[in-house]
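Structure, as structure tokens:
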Amino acid sequence: MVDHRKIQDKWQRKWKKEKIFEVNVDNKKKKFFINIPYPYISGSLHIGHGRVVTETDVYARYLRMQGMNVLYPIAFHISGTPVLGISLAIKNGDQKKIELYKNYVRPYVDENEVDGIVQSFEDPWKIVDFFIPKMIDEFSTLGLGVDWRRSFTSGDIEHQKMVEWQFNKFKEKNYLVRGKYPVLFSKSLDNAVGEDDIADGDTNPVEKQEFTLIKFKFEDSYIMAGTLRPETMFGQTNMWVNPNVVYVKAKVGKENWIVSKECLEKLKYQDKKVEVIEEIKGKDLLGKTCFAPFVEREIMILPSEHCDPSIVTGLVTSVPSDAPFDYIALKELKDSKDMCKKFGLDNEEIKKIKLIPIIKSKGYSDFAAVDAVDRFKIKSLKDSEKLEQATQDVYKAGHHTGVLIETCGKFEGMKVEEAKEAMKKALLKSKKAEIFYETSRKAISRDGGEIIVAILDGQWFLDFNAKGWKKDAKKCLTAMKIQPDKFRKQFEDVFDWLDKRPCARKRGLGTKLPFDKEWIIESLSDSTIYMSLYTIKNKLEEFGIKGDKLKPEFFDYVYNGEGDVNKLSEDLNIDKKELQEIKESFDYWYPSDHRHTFSSHIPNHLSFMIFSHVACFKKNNWPKKISLHGMVMSDGIKMSKSKGNVVTLLELNEKYGADAFRAFLCNTTSVEGTMNWQSSEVERMKKHLEQLFEVLKNMSKERKKGVVKNKAFVSKVERLIQKASLSLENMDLRSYSNVVLYDLLRVYNKVKEDKEIVNDYLFQRWIKLLCPLIPHYAEELWDGKDEFVSISKWPKYDEKKIDDKAEFIENSVENLLSDVQEIKKLAKVENLKKVKIIISPKWKYKFFRNFKKKYEMEKNVGVLIKSLTDKEHGKEISKLIPMLVKSPSKIPKIVLSQKEEFDIYVEKKDFLESELKCVVEIELADKSKEGKAKNAMPSKTAILVE
RNA sequence: GCGCGAGUGCCGGAGUGGUCAAACGGGCUGGACUCAAAAUCCAGUGGCUUAGUGCCUACGCAGGUUCGAAACCUGUCUCGUGCACCA
């Protein structure tokens, strides 16, 4: 048995000791700078992380063996709120989170330390400090050729200084603007929040919803009612108010508004000045009327205990023709004299309220709500689930197929989709409505505070439509290689669509905006040009240059060659030579030659990376290439903590080892495809590698110098080396791995003669070919003159040895053998006595050669027959051509001459006799007396068995 | 809803105008080896047919373009994914 763990550890240790992946400026070698998005630290790494780093590594290893100076670094991202969220959860005694993190920590430390370490995570930096070394270790177990000297985190001062430089640049170029912006906001934290700060925010996301608050004139005030469907306002029949709720009348701006107390509270956060005037009991409003816009008349205020004061204003306008809820509520009132009496309402008046049809949509009458209520057999407001469903159905049908009818005045004929916007606009313009934001569900932050929507003033935005920016970004994109290119369009679409994007927030780890220290640069915006830091990080370390010296002028000089180095040296108190060497390092390594990433990063990270580069760097340092990989599934479903199917790198290493994973990953799916992790398949790959290892080990033992006589075999091997190289060139890791894991093995297994010479010819080449894929096994088997196969030269294929004819002949002979077997079966011949091989009549060779030539240009059967027929064989030709056109597989790749073919079979006669264990006779059709002889075709002999 | 991607045999998945009944891998069936098993090797694995290279049916569904389509176009269904302040 092969002990992959031992092998793996051994070679990883040696690589590290000999520093073979630590690379430096070397002007004699062509450089290649490849990188991946730095992972965010949030517990243990899993096979999703494993995918991107491994694919990159396989490719990087290939380029290295091609003689390039390959830089492959990895850093770590810690910006943003998730780490804070974890700290907060632990601080607040969230047992679930605490357990989760205990589980993350446990594999690395003694059990009795676990509690203490997790406790220490109340300080977010402790999380960072704890996990980063672990992550480096875990990545290393995959056998990556990474230069770890160049690692950093986005919290490091060098990184922050660089980001400050970047944002100063943005500012200079007027790429930043400020404005108002609605955000999810925690009242207790007094801050904007993200998914990670909200309880269950990851599993049940909270969204912001934009409501239109419509003003209903009531005495000296406005009753404010919120709606998501302003397009239904022509169907209003009444106003709903909760009789049990105490509302407030308040001065909002210059107007008096009636809203719930909760709403008034929220309005303060939404950029409104409010001042309470008096309380108004909901039940005091009942039976009165208010003036509704669009329908332009007074509508009655009616009771509904379902109006929730904590949602929007707690007052709702009623459109019973299109809202099942309103219809049922109104119906209940009409049907119940008791209820009317209770609220002091005139039942007869309510009965007079008529539904107003407003929208015609597919599958519904003009009264969609009535239809839906019937369909779902809804009896009362208590059928809340059915009501919800009915509302959704009506809404969906209306939204996609609905058209406003004649009751809607000048909006008649408009689609619901358009009318929604048009009517909202009209209302806002005439000051009959306001915008109000509400959360899509009730939510609390991890410390228990209520989540609301707040409008922040002074929010910083990146303005992608700023003058010239998009143009440059597009220029960069056009010059870039996108692999596979089908993703290019997506980039283009995103570029068009990008507008203003908030780029700073008030919470989280990261870099402060240098010119407005209240704000912290948001975590996607602070990780767009950090690749540049890899090129100089080791130098800063080497020279002991502290991050706080890295003023903007430093980057101006190093990155863009601006400023005077003598003056800069003085100003920053950094040695001039050191500065120059740092710059040299940057100039050597930059730009990024290749970035390999998950395709879902296109609309955000990757696009921002391009925009940021064109904003900050000179054109020659813009990124060159992006390749995209697909997503990762585990057992057919998306990997997620809640489903419990996350496979960590720890577990992976424990059970299967790096090489099995690498081979499985590359061989199981194309780079852009979805990788589906199935442990049974990985297990199989592991076994296959063990077998392959044995084969190769035996190969290495029995070797003898010499010339391989089997031309077809050599041709196939050379061809496979070519294929492997070309596949890798295009980062087609699947095709490459197929060649080195399976194709070569099959070709090798077929050769029977001169094994020792064959072994000698193939062994070292094969090991090299395998090295990018399964470097540990490759090193273990390697016995070449370089110390490591990892840094040896990639095998060159010899194009001259690729011999179509030799392979063709071999195939013909093989086909002959299998044909004999088949005929033997059909003829029910038990023991072969004799096999007669009849070589095609001479005229057919000429005919086939002509046919092949003509066929390249002309596919029409009639035309072909006319141009190729002759008197002597007209009949046969007119039969052959349709057959060949219909199944082109019958056309031989190569047409030999009759003599050549005859000689081949004569030469192979002994071999055939030994294979078939009988007498073999060979004759020319032209001389044969057999009836079948005329059926023979070039490379397809007629066969007779006895 | 809009955008993007995908739908292929028992399964995973190649294949983007003709060497396609479909690579490669797995499974299954039969055979060789073995006391036996595992491993390995060979053969078979849509249907029918035949002393061979023949026919039919198939690549989500329905049409179309073409001498020819799994591949191109149109429509349709299903699934996945993104839709912004979130890394």
Side-chain angles (χ1 to χ4, degrees), chain A residues 37 39-42 77-83 181-184 192-196 201-202 205 208 396 399-400 417 456 459-462 486-487 489-490 493-494 497-505 508 522-525 527 599-605 607 630-631 633 636 638 664 667-670 672-674 676 678 680-681 684-685 687-688 690-691 694-695 734-735 737-739 741-743 746 749 815 818-829 855 858-864 882-893 932 935 937 940 942-946:
Chain A
Y40 190 84
I41 49 154
S42 58
H77 197 206
I78 64 160
S79 312
T81 54
V83 170
Y181 193 71
V183 292
L184 292 174
V193 290
E195 200 174 88
D196 310 290
D202 42 350
K208 292 171 298 195
K396 211 172 166 186
H399 188 75
H400 302 317
E417 239 177 312
L456 296 187
Q459 170 72 51
W460 288 93
F461 294 87
L462 287 169
K486 67 176 180 188
F487 287 107
K489 195 181 171 301
Q490 215 170 319
D493 292 348
V494 170
W497 158 82
L498 281 170
D499 184 16
K500 289 185 182 55
R501 182 193 161 89
C503 60
R505 49 193 324 198
E522 175 268 330
S523 56
L524 264 177
S525 306
S527 54
S599 51
S600 69
H601 288 150
I602 292 172
N604 41 55
H605 167 72
S607 292
M631 61 170 197
M633 302 211 295
K638 206 174 161 179
F664 168 80
N667 197 244
T668 197
T669 185
S670 55
E672 77 254 34
T674 302
N676 187 14
Q678 286 173 295
S680 59
E681 296 288 322
R684 255 174 227 127
M685 181 55 83
K687 268 190 197 156
H688 180 77
E690 281 163 10
Q691 283 158 24
E694 288 304 317
V695 169
R734 177 178 206 146
S735 155
S737 65
N738 244 347
V739 169
L741 293 176
Y742 297 106
D743 294 344
R746 205 172 321 110
N749 278 336
N815 290 342
S818 66
D819 283 349
V820 171
Q821 295 305 332
E822 194 168 331
I823 297 167
K824 192 178 141 190
K825 238 187 282 168
L826 288 167
K828 298 190 179 69
V829 177
Y855 182 72
E858 178 59 60
K859 316 285 180 191
N860 186 296
V861 176
V863 178
L864 280 169
M883 193 266 280
L884 292 174
V885 172
K886 197 174 173 211
S887 35
S889 60
K890 306 270 160 54
I891 306 167
K893 246 192 194 143
K932 284 216 167 274
N935 292 343
M937 288 192 289
K940 192 79 194 171
I943 300 162
L944 288 159
V945 302
E946 277 174 35

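Any value given below was found using the heavy atoms of this structure, including those in side chains, with hydrogens, waters and symmetry copies removed.
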Say we look at [N] and [M]: how far apart would their [atom1] atoms be, to the nearest angstrom?
| N | M | atom1 | result |
| --- | --- | --- | --- |
| rG18(B) | rC72(B) | P | 11 Å |
| rU57(B) | rA22(B) | C1' | 14 Å |
| rA70(B) | rC61(B) | C1' | 14 Å |
| rA6(B) | rU76(B) | C1' | 16 Å |
| rU8(B) | rG80(B) | P | 15 Å |
| rU49(B) | rC41(B) | P | 33 Å |
| rG12(B) | rG7(B) | C1' | 15 Å |
| rA38(B) | rC77(B) | C1' | 47 Å |

Is it the case that the side chain of [X] and the backbone of [Y] share a donor-acceptor pair, with hydrogens and angles ignored and the cut-off at 3.5 Å?
| X | Y | answer |
| --- | --- | --- |
| S607(A) | I602(A) | yes |
| Y40(A) | V83(A) | yes |
| H605(A) | S525(A) | no |
| Q459(A) | A504(A) | yes |
| K500(A) | L462(A) | no |

| Residues in side-chain hydrogen bond (donor to acceptor under 3.5 Å, both in side chains) with Q691(A), at least two apart? |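 Partners of Q691(A) by the side-chain hydrogen bond (donor to acceptor under 3.5 Å, both in side chains) criterion come out as none, since no residue qualifies.
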Base, sugar-phosphate or nothing for [X]? Non-hydrogen atoms, less than 4.0 Å.
| X | result |
| --- | --- |
| S523(A) | sugar-phosphate |
| H77(A) | sugar-phosphate |
| N667(A) | nothing |

State which of [options] makes the closest approach to the side chain of [X].
| X | options | value |
| --- | --- | --- |
| R505(A) | rC86(B), rC83(B), rG27(B) | rC86(B) |
| N604(A) | rC24(B), rA87(B), rG80(B) | rA87(B) |
| R501(A) | rC24(B), rG26(B), rC86(B) | rC86(B) |
| L524(A) | rA87(B), rA84(B), rG27(B) | rA87(B) |

Pairing partner of [N] (Watson-Crick or G-U wobble, both distances under 3.5 Å):
| N | answer |
| --- | --- |
| rG30(B) | rC42(B) |
| rG52(B) | none |
| rG68(B) | none |
| rC24(B) | rG12(B) |
| rA58(B) | none |
| rG17(B) | none |
| rG63(B) | rC73(B) |
| rG3(B) | rU81(B) |

| query | Does F461(A) have any ring pair (Phe, Tyr, Trp, His ring centres under 6.0 Å) partners at least two apart in sequence or in another chain, and if so, which? | reply |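 F461(A) satisfies ring pair (Phe, Tyr, Trp, His ring centres under 6.0 Å) with Y181(A) only.
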Let me know the distance between [atom1] of [X] and [atom2] of [N], rounded to the nearest Å.
| X | N | atom1 | atom2 | answer |
| --- | --- | --- | --- | --- |
| W497(A) | rG3(B) | CH2 | C1' | 10 Å |
| F487(A) | rG3(B) | CZ | C1' | 13 Å |
| M685(A) | rG26(B) | CE | P | 9 Å |
| Q490(A) | rC2(B) | CD | P | 17 Å |

| query | Using a cut-off of less than 4.0 Å, is there contact between a side-chain N or O of Q691(A) and OP1 or OP2 of rU40(B)? | reply |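 Answer yes for this pair, as a side-chain N or O of Q691(A) is under 4.0 Å from OP1 or OP2.
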| message | Strictly below 4.0 Å: does R746(A) bring a side-chain N or O up to OP1 or OP2 of rC42(B)? | response | no
| message | If you apply the rule salt bridge (charged side-chain N to carboxylate O under 4.0 Å, His left out), what do you find for E690(A) with K687(A), and how did you get there? | response | CA-CA 5 Å; E690(A) 281 163 10; K687(A) 268 190 197 156; over 6 Å; no
| Nearest-nucleotide 5' precedence on RNA chain B, P502(A) against K687(A) |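 Nearest-nucleotide comparison on RNA chain B picks K687(A).
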Enumerate the protein-to-nucleotides 9-14 of chain B contacts in which both atoms are nitrogen or oxygen and the separation is below 3.5 Å.
{"residue": "rG13(B)", "atom": "O3'", "partner": "R734(A)", "partner atom": "NH1", "Å": "3.0"}
{"residue": "rG13(B)", "atom": "O2'", "partner": "R734(A)", "partner atom": "NH1", "Å": "3.3"}
{"residue": "rG13(B)", "atom": "O2'", "partner": "R734(A)", "partner atom": "NH2", "Å": "2.5"}
{"residue": "rA14(B)", "atom": "O5'", "partner": "R734(A)", "partner atom": "NH1", "Å": "3.4"}

| request: Could you pull out the closest heavy-atom pair between L524(A) and N604(A), with the gap in Å? | output: CD1-CB, 3.9 Å
